[in-house]
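Below you'll find the structure, written out as structure tokens, and then a few comments.
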Amino acid sequence: MTQTGDALRERIARELAGARARTALLTGSVDDADLIRQHSPLMSPLVWDLAHIASQEELWLLREVGGREPMHPEIDLLYDAFEHPRSERPALPLLPPEQARAYGHEVRGRVLDLLERARFSGTRLLGDGFAFGMIVQHEVQHDETMLITHQIRTGTPVLTAAAPGPAPADAVALPSEVLVPGGPFTMGTSAEPWALDNERPAHGVDLAPFFLDTTPVTCGAYAEFIADGGYDDPRWWTADGWEHRQRAGLAAPLYWGRDGRQWIRAVFGVTEPVRPDEPVLHVCWYEADAYARWAGRRLPTEAEWEKAARFDPATGLTRRYPWGNADPQAAHANLGQRFLRPAAAGSYPAGAAPCGARQLIGDVWEWTSSDFGPYPGFSAWPYREYSQVFFGPQYKVLRGGSFAVSPVACRGTFRNWDYPIRRQIFAGFRTARAAAAETP
Ligand SMILES: [Fe+2]
């Protein structure tokens with residue numbers, strides 16, 4: 001929602017502070033040796049994230065918006081994500097933890113000075129505080145990435161959080177699927193001030209009616225797929241998926257193991273029994289797709305997901321979020337790393353969409369069947385490397401955010417993308433089926 005002047009300034013300051021508090025917690029909860037270590041070739045050392053966050057903030061706010069000269073030109077390329085793939089980053093002459101923190105602190109001090117006198121107009125970067133919003137979102141996205149690194153790391157557990165409450169009483173009586181009516185709806189946005197280029201512009205999409213799972217697929221349901229031999233039956237897998245399943249030896253979600261007859265899993269260093277009513281996490285797109293076929297269903301397309309999440313048949317309008325236009329509150333969705341796990345399936349009735357689906361926002365990212373591509377009328381902004389260079393069939397779209405995503409980076413229009421083999425991300429899925437035969 002468009003805000004101007006002091007209200008916007010205050011909001012930006014609050015969001016910047018919130019993001020930094022999370023960054024400080026994620027990087028302050030481990031020792032320096034742990035910050036420098038690479039816990040997986042898929043992830044940067046945490047100390048890289050720390051200085052990279054500062055480097056992007058300096059680049060976009062101090063240099064592009066503020067017109068300042070580079071503070072430390074000699075380190076610029078070290079923290080350019082396009083110069084060095086994650087696997088190479090530990091070998092770079094990175095700033096040690098104390099210096100990385102000092103750099104972040106120095107940049108932030110100057111950014112707050114800039115914010116004090118900023119006018120949110122005049123250039124596209126300044127309009128609605130977009131550049132500040134982009135940098136806030138960048139930092140919280142790295143907070144999510146760093147939380148993934150925490151899940152991968154071994155050693156003494158360092159993160160703790162309260163568990164989400166049990167599912168509401170009505171969860172047992174929920175229908176397994178909901179009907180999303182056919183017809184046109186408006187997808188994407190031209191109005192959301194901090195939406196990124198790939199979410200734009202708003203455009204009409206006409207869909208056939210379909211049924212969608214009311215909640216994400218649970219660990220209990222997924223365990224049935226495993227027990228039924230789902231991983232050993234090529235009928236359920238695409239050719240690429242089957243080849244990957246064979247080569248990678250997939251047999252259960254990442255972090256799952258056996259303890260006698262029961263499934264156990266590691267959660268931030270603590271081993272516990274798998275909870276059957278929790279949405280399944282850490283499955284790749286190929287596994288999600290195979291499960292759906294085994295269940296006689298399919299993954300929803302990205303457009304179907306968004307229509308289920310945003311379309312209100314009573315008004316014909318597209319909402320910002322499933323529950324309406326208000327920014328996310330604690331009762332709506334499991335976001336922002338308040339909890340370090342998804343809530344039980346059927347939770348968050350206050351966040352339900354008009355179609356009745358729950359937990360579309362928060363809890364687990366949801367794989368869709370769609371490749372990542374531009375909307376009609378797309379134009380790259382403010383740089384091609386934000387989205388455009390990733391468009392193509394090699395990436396699948398994920399929607400809805402997870403418990404690890406900050407509300408500021410989780411809109412009904414927000415699009416995430418990753419390779420179909422990726423499992424370390426906080427991703428699950430729900431399934432769909434056509435409804436044409438059932439509707440008059
Ligand atoms: Fe980044």
Heavy-atom side-chain contact between Glu302 and Lys307 under 4.5 Å
no
Starting from the C-alpha separation in whole Å, work towards a yes-or-no answer on salt bridge (charged side-chain N to carboxylate O under 4.0 Å, His left out) for Glu306 and Arg411.
CA-CA 11 Å; Glu306 188 167 324; Arg411 290 167 292 277; over 6 Å; no
Any Arg423 side-chain heavy atom under 4.5 Å of Val283 side chain:
no
Aromatic contact between Trp381 and Phe130, with the criterion being ring centroids under 6.0 Å apart: yes or no?
yes
Mind running salt bridge (charged side-chain N to carboxylate O under 4.0 Å, His left out) on Arg319 and Asp312 for me, showing each step along the way?
CA-CA 7 Å; Arg319 300 170 162 197; Asp312 179 2; 3.5 Å; yes
Is the gap between the ring centers of Phe426 and Trp365 under 6.0 Å?
no
Are the side chains of Pro253 and Trp256 in touch, meaning some heavy atoms are under 4.5 Å apart?
yes
Is there a donor-acceptor contact under 3.5 Å from the side chain of Glu199 to the main chain of Leu196?
yes
If you apply the rule side chain to side chain donor-acceptor pair (under 3.5 Å), what do you find for Ser44 with Arg89, and how did you get there?
CA-CA 6 Å; Ser44 313; Arg89 291 174 193 167; 2.7 Å; yes
Is there side-chain contact between Leu299 and Thr368, with heavy atoms separated by less than 4.5 Å?
no
Residues which pass salt bridge (charged side-chain N to carboxylate O under 4.0 Å, His left out) with Lys396, listed by chain and number, not counting sequence neighbours
Asp371
Could you go step by step and tell me if Trp294 and Asp228 meet the side chain to side chain donor-acceptor pair (under 3.5 Å) rule?
CA-CA 9 Å; Trp294 168 80; Asp228 196 40; 2.6 Å; yes
Check whether Ser29 reaches the backbone of Leu25 with its side chain - one donor and one acceptor, N or O, closer than 3.5 Å.
yes
Taking atom NE2 of His105 as the centre, does the number of heavy atoms from other residues, nucleotides or ligands within less than 6.0 Å exceed 12?
no
Would you call Leu59 and Gln56 a side-chain contact if the rule is heavy atoms closer than 4.5 Å?
yes
Residue of the set Leu50, Asp49, Leu46 for which side chain to side chain contact (heavy atoms under 4.5 Å, CB included) holds with Thr23:
Leu50
Using modelled atom types and a 3.5 Å cut-off, is there a donor and acceptor pairing between side-chain atoms of Asp213 and backbone atoms of Pro216?
no
For residues 140-179, which residue pairs qualify under ring-ring contact (aromatic ring centres under 6.0 Å, His included), counting only residues two or more places apart or in two chains?
His52-His142, His138-His142
With a 4.5 Å cut-off on side-chain heavy atoms, are Ile425 and Trp367 touching?
yes
Return the orientation label for the His244 and Tyr286 ring planes: parallel under 30°, perpendicular over 60°, tilted otherwise.
tilted
Less than 6.0 Å separating the ring centroids of Phe391 and Phe372?
yes
Closer than 3.5 angstrom, by distance alone: can the side chain of Gln337 be matched with the main-chain N or O of Ala404 as a donor-acceptor pair?
yes
Is a donor on one side and an acceptor on the other found under 3.5 Å between the side chain of Arg275 and the backbone of Glu278?
no
Can a donor-acceptor pair be found, under 3.5 Å and without considering hydrogens, that links the side chain of Gln151 to the backbone of Phe268?
yes
Tell me if a side-chain donor or acceptor on Arg153 pairs with a main-chain N or O of Gly269 at a distance below 3.5 Å.
no
Do Ser406 and Asp143 come within less than 4.5 Å of each other through their side chains, counting heavy atoms only?
no
With a 3.5 Å distance limit and no angle check, can you tell me whether Arg200 reaches the backbone of Glu192 through a side-chain donor-acceptor pair?
yes
Under 6.0 Å between the ring centres of Tyr222 and Phe225?
yes
Stepwise salt bridge (charged side-chain N to carboxylate O under 4.0 Å, His left out) check, Arg298 with Glu304:
CA-CA 12 Å; Arg298 58 175 175 79; Glu304 286 173 337; 2.8 Å; yes
Pick one: which of Gln359, Arg430, Arg399 meets side chain to side chain donor-acceptor pair (under 3.5 Å) with Glu366?
Arg430
Salt bridge (charged side-chain N to carboxylate O under 4.0 Å, His left out) assessment of Glu287 paired with Arg245:
CA-CA 8 Å; Glu287 290 167 296; Arg245 175 258 168 269; over 6 Å; no
Flag for Tyr103-Glu58: side-chain donor and acceptor within less than 3.5 Å
yes
Parallel, tilted or perpendicular: which fits the ring planes of Tyr386 and Trp417, with parallel below 30° and perpendicular above 60°?
perpendicular
Within 6.0 Å of OH in Tyr419, more than 12 heavy atoms from elsewhere
no
Under 3.5 Å donor-acceptor, Glu139 side chain and Met134 backbone:
no
Any side-chain heavy atom of Arg265 within less than 4.5 Å of one from Leu281?
yes
Describe, in one word, how the ring planes of Tyr231 and Trp237 are oriented to each other, choosing from parallel (under 30°), tilted (30 to 60°) and perpendicular (over 60°).
tilted
